[in-house]
Amino acid sequence: MKLQHSAFSLSLLILFICHTKTVSLSPAAAPVQAPTVAPVQAPPPPAAQIPVLPGPINVVNILERAGHYSLFVRLLKATQSDTELTVELNHTHNGITIFAPTDGAFSGLKVGTLNSLSDGDKVKLVKFHISPIYISPSQFQTVSNPLKTQAGKGGRMALNVTTTGSAVNITTGVINTTISGTIYNDNQLAIYQIDQVLLPMELFAPNLPPAPAPAPAPLVVAPPPEKPKKAPVLESPTVPIDDVSGVASFGVHKIEEMLHWMC
Ligand SMILES: *[C@@H]1O[C@H](CO)[C@@H](O)[C@H](O)[C@H]1NC(C)=O
Ligand SMILES: *[C@@H]1O[C@H](CO)[C@@H](O)[C@H](O)[C@H]1NC(C)=O
Ligand SMILES: *[C@@H]1O[C@H](CO)[C@@H](O)[C@H](O)[C@H]1NC(C)=O
Ligand SMILES: *[C@@H]1O[C@H](CO)[C@@H](O)[C@H](O)[C@H]1NC(C)=O
């Protein structure tokens with residue numbers, strides 16, 4: 001009798017929950033709105049003209065004409081840095097310097113290097129190749145390190161320049177490379193060719209303090225710091241043992257499961 005009663009209460013409970021669930025779900029099923037009329041599509045813009053229209057300098061255009069920077073161009077476009085550069089070049093007083101890695105530089109990266117980056121990190125990587133000041137080839141002799149880039153300055157985003165004669169070396173702490181050519185220079189914008197992608201430490205160096213000199217193997221290996229313990233997972237819901245109501249003996253899991261396919 002008691003069991004029967006419990007089963008009955010249980011089914012009532014389920015009915016009640018199912019019902020409430022339905023009711024509480026109904027607002028979500030909002031009345032279908034009449035589809036908004038699609039705005040009349042503007043005619044597609046005319047194909048890019050090869051002679052550049054007067055106006056702000058177009059970095060993508062310059063790189064495409066120069067050839068073999070197609071992967072960098074793709075990255076500029078994917079991160080919308082191309083349109084940002086256009087705006088910046090239209091307003092800047094200090095000019096802009098861009099280090100453009102060749103396609104060969106990108107193919108020299110380990111497989112998956114770019115794909116492993118989040119969209120935000122791709123933006124950082126591109127900005128790391130752009131300095132918000134115009135630096136002429138001869139000014140590299142006197143710039144102070146670390147060089148300011150759009151990705152920040154110094155620390156683990158350091159871009160350092162050293163010169164030997166007219167050769168300009170660049171180091172990021174992850175890679176060393178040399179400027180191997182001037183693609184464009186108009187005293188406001190300079191674009192230099194580099195043969196390696198500038199990989200900043202922040203994204204590509206293991207996030208570790210500088211490794212100490214190897215010490216003799218310690219006799220006692222310290223255990224790794226203990227992680228905070230998770231609250232113990234209970235096998236069954238915390239219900240007093242003497243509670244013999246049907247709900248308790250079914251267990252919360254079971255009921256949820258049932259509701260899932262009943263409702
Ligand atoms: C360039 O800047 C001028 C002045 O601020 C502005 O009128 C013009 O629309 C800008 N052009 C572009 C392509 O951003
Ligand atoms: C620049 O790099 C070249 C080749 O990697 C190297 O021989 C030269 O010593 C470097 N110069 C400076 C100033 O770091
Ligand atoms: C860059 O130069 C600064 C200043 O000389 C120095 O503190 C920093 O360690 C250098 N970083 C790299 C990666 O060479
Ligand atoms: C870069 O150059 C520095 C100093 O010239 C050297 O210590 C470092 O090992 C080089 N790093 C790479 C990745 O070649």
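Just follow the structure's listing: the first ligand is 1, and inside any ligand the first atom is 1. One is the number of the first residue; the rest follow in order along the sequence.
Side-chain atoms of Asn169 and Thr178 include a donor-acceptor pair closer than 3.5 Å. For Asn160 and Thr171, the side-chain atoms include no donor-acceptor pair closer than 3.5 Å.
Atoms of ligand 3 lying under 4.0 Å from any heavy atom of Thr172, numbered from 1 in the order shown and given with element: 13 (C). Near Asn145, meaning under 4.0 Å from any of its heavy atoms, are these atoms of ligand 3: 2 (O), 4 (C). Every atom of ligand 3 is numbered from 1 in the order shown, and the set under 4.0 Å from a heavy atom of Gly173 is 13 (C). Of all the atoms in ligand 1, the ones that sit under 4.0 Å from a non-hydrogen atom of Asn90 are 1 (C), 2 (O), 3 (C), 8 (C), 10 (C), 11 (N), 12 (C), 14 (O).
Here the straight-line distance linking atom CD of Gln150 with atom OG of Ser131 works out to 8.0 Å at 0.5 Å rounding.
Not counting sequence neighbours, the partners of Tyr192 by the ring pair (Phe, Tyr, Trp, His ring centres under 6.0 Å) test are Phe140. The side chain to side chain donor-acceptor pair (under 3.5 Å) test applied to Glu64 returns Lys77, not counting sequence neighbours.
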List, for ligand 2, each N/O atom that has a protein N/O partner under 3.5 Å away, with both atom names and the distance.
residue: ligand 2; atom: 2 (O); partner: Asn169; partner atom: OD1; Å: 3.2
residue: ligand 2; atom: 2 (O); partner: Asn169; partner atom: ND2; Å: 2.3
residue: ligand 2; atom: 11 (N); partner: Thr164; partner atom: OG1; Å: 3.0
residue: ligand 2; atom: 11 (N); partner: Asn169; partner atom: ND2; Å: 2.7
residue: ligand 2; atom: 14 (O); partner: Thr162; partner atom: OG1; Å: 3.3
residue: ligand 2; atom: 14 (O); partner: Asn169; partner atom: ND2; Å: 3.1

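Residue Thr86 has no N or O atom closer than 3.5 Å to an N or O atom of ligand 1.
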Would you be so kind as to tabulate the donor-acceptor pairs closer than 3.5 Å made by side chains of residues 67-75, with sequence neighbours excluded?
residue: Tyr69; atom: OH; partner: Gln193; partner atom: OE1; Å: 2.6
residue: Ser70; atom: OG; partner: Asp103; partner atom: OD1; Å: 3.4
residue: Ser70; atom: OG; partner: Asp103; partner atom: OD2; Å: 2.9

- Evaluate the criterion side-chain hydrogen bond (donor to acceptor under 3.5 Å, both in side chains) for residue pair Tyr134 and Asp186; output intermediate values, then yes/no. CA-CA 9 Å; Tyr134 166 76; Asp186 69 1; over 6 Å; no

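Here the shortest heavy-atom pairing between Val168 and Val161 reads CG1-CG1, 3.6 Å.
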